[in-house]
Amino acid sequence: MSNYDLAALGAGPNLHGVRIDVSDTASVEAGFADADRWLAGQPLDVVVNCAAVCPLGAVEVQSEQVVLDTLNVNTVGSVRMLRAALPRLRGHGGRIALVTSLWGKVSGPMLSAYCASKFAIEAVVDAARRETAGQDARIILIEPGVVRTRMVEGQVAEAERATQALTGEDARLYQDLYRKYHAMIRKNGGGGVSAEECARQIDAAVSAANPRTRYKVGADAKAVTALARLFPDRALDRAFAMLLK
């Protein structure tokens with residue numbers, strides 16, 4: 001949790017802010033230990049992990065380090081949170097919701113590292129849910145489409161910077177793609193659901209008496225994942241190509 005987020009939450013008798021860096025195991029462990037001290041023996045009921053990074057770039061252009069960093073924050077970060085949460089949620093019906101994305105169900109151009117990380121979270125959660133059957137803890141996947149957050153707002157500027165950074169053969173091969181992607185997200189940047197609406201649906205999911213294993217949030221998440229199930233690969237390729245025209 002950033003200083004900005006802590007300040008925005010304000011203060012209250014039932015509110016305790018804990019700063020956790022999901023990319024660091026020690027930070028996750030320390031954050032949960034802090035929460036344990038504050039709870040003072042009371043059970044932990046709900047954990048929601050939505051921390052993520054979303055770098056943009058073509059597979060051939062994006063550095064190996066960017067891919068590794070994305071997987072560390074998004075996927076391994078989710079594993080760290082899940083491992084820390086389960087012992088505290090087990091036995092009294094506690095719930096953890098891990099936020100993936102529609103990009104954990106279908107891959108889009110310029111988002112390979114992000115998509116890979118989200119696909120991996122889906123796999124981890126499916127495995128963990130089956131491994132923990134009968135332990136009285138619920139693991140829930142939240143699969144939103146576009147959510148209007150600071151991360152999404154920053155992608156327009158990031159796409160522009162990435163386009164300008166292309167040189168040599170990368171520029172010759174990919175500049176047109178980068179420009180089209182930049183134009184697309186600039187045009188559609190105001191779409192999707194608000195962060196408040198997404199939070200409301202996450203709250204409903206973790207509060208449900210018998211929560212489902214997966215919740216899609218937003219019309220785009222429902223539509224794109226349905227198309228991915230119905231369309232053969234080449235048809236889906238053409239659909240993405242049309243989006244970038």
Side-chain angles (χ1 to χ4, degrees), residues 21-25 28 48-83 96-131 139-147 149 151-152 154-155 158-159 161-163 165-166 170 173-174 177-178 180-182 184-185 192 198 213-218 220-229 231-241 243-244:
D21 177 0
V22 300
S23 70
D24 180 73
T25 300
V28 172
V48 178
N49 180 49
C50 58
V53 293
C54 183
L56 308 176
V59 172
E60 192 177 9
V61 176
Q62 207 163 50
S63 74
E64 182 178 301
Q65 191 60 52
V66 167
V67 177
L68 290 170
D69 289 345
T70 304
L71 292 169
N72 185 41
V73 173
N74 297 2
T75 307
V76 186
S78 294
V79 172
R80 292 183 182 103
M81 294 292 288
L82 184 58
R83 286 168 58 90
I96 179 168
L98 296 165
V99 179
T100 61
S101 170
L102 72 86
W103 300 118
K105 311 297 282 187
V106 58
S107 292
M110 298 287 289
L111 294 170
S112 61
Y114 183 74
C115 293
S117 72
K118 295 298 188 176
F119 267 81
I121 296 170
E122 298 264 343
V124 166
V125 169
D126 281 344
R129 188 181 64 251
R130 291 158 188 160
E131 292 162 357
I139 309 173
I140 304 164
L141 281 165
I142 308 294
E143 300 169 337
V146 175
V147 180
T149 63
M151 184 176 77
V152 171
Q155 284 193 325
E158 183 183 347
R161 287 193 298 270
T163 303
L166 291 171
D170 287 345
L173 292 169
Y174 292 109
L177 170 65
Y178 275 57
K180 287 178 178 177
Y181 186 83
H182 175 238
M184 181 189 71
I185 61 173
C198 186
T213 58
R214 284 172 166 79
Y215 289 82
K216 290 178 175 58
V217 178
D220 54 344
K222 296 170 185 175
V224 173
T225 53
L227 289 176
R229 288 196 307 270
F231 279 21
D233 289 344
R234 296 300 185 191
L236 204 57
D237 292 347
R238 288 192 291 273
F240 277 113
L243 282 174
L244 290 168

Original post:
Are any side-chain N or O atoms of T100 and backbone N or O atoms of I142, one a donor and one an acceptor, separated by less than 3.5 Å?
Top reply: yes

**OP:** Compare every heavy atom of Y178 with every heavy atom of A58, then report the nearest pair and how far apart it is.
**Re:** N-OH, 3.0 Å

Original post:
S117 and L71: which non-hydrogen atoms are nearest, and at how many Å?
Top reply: CA-CD2, 3.7 Å

Original post:
What distance do L243 atom CG and K180 atom NZ have between them, rounded to the nearest 0.5 Å?
Top reply: 12.0 Å

Original post:
Checking E143 side chain against G104 main chain: does a donor-acceptor pair fall under 3.5 Å?
Top reply: no

Subject >> I139 side, atom CD1; R130 side, atom CZ - distance, nearest 0.5 Å >> reply: 11.0 Å

**OP:** Step by step, work out the side chain to side chain contact (heavy atoms under 4.5 Å, CB included) result for E122 and K118.
**Re:** CA-CA 6 Å; E122 298 264 343; K118 295 298 188 176; 5.8 Å; no

**OP:** Quick one: closest heavy-atom pair of T70 and P55, and the distance?
**Re:** OG1-CG, 3.1 Å

Subject >> side chain to side chain contact (heavy atoms under 4.5 Å, CB included) between L141 and T213, intermediate numbers included >> reply: CA-CA 6 Å; L141 281 165; T213 58; over 6 Å; no

Original post:
Which distance, rounded to the nearest 0.5 Å, do you find between the CG of L244 and the NE2 of H182?
Top reply: 13.5 Å

Original post:
What is the distance from atom CE of M110 to atom OH of Y174, rounded to the nearest 0.5 Å?
Top reply: 10.5 Å

**OP:** Any chance you could measure W103, atom CH2, to C54, atom SG, to the nearest 0.5 Å?
**Re:** 9.5 Å

Original post:
Given the rule in the side chain to side chain contact (heavy atoms under 4.5 Å, CB included) test, do M81 and V28 qualify, once you have shown the distances and angles that lead to the verdict?
Top reply: CA-CA 7 Å; M81 294 292 288; V28 172; 4.0 Å; yes

**OP:** Enter the distance from T75:OG1 to F119:CZ here, rounded to the nearest 0.5 Å.
**Re:** 11.5 Å

Subject >> R214 vs K105, side chain to side chain contact (heavy atoms under 4.5 Å, CB included): CA-CA, chis, key distance, verdict >> reply: CA-CA 12 Å; R214 284 172 166 79; K105 311 297 282 187; 3.6 Å; yes

Original post:
Is S23 reaching over with its side chain to a backbone N or O of N72, donor-acceptor style, under 3.5 angstrom?
Top reply: no

**OP:** Determine, for R80 against D21, whether the closest basic-nitrogen to carboxylate-oxygen distance falls under 4.0 angstrom.
**Re:** no

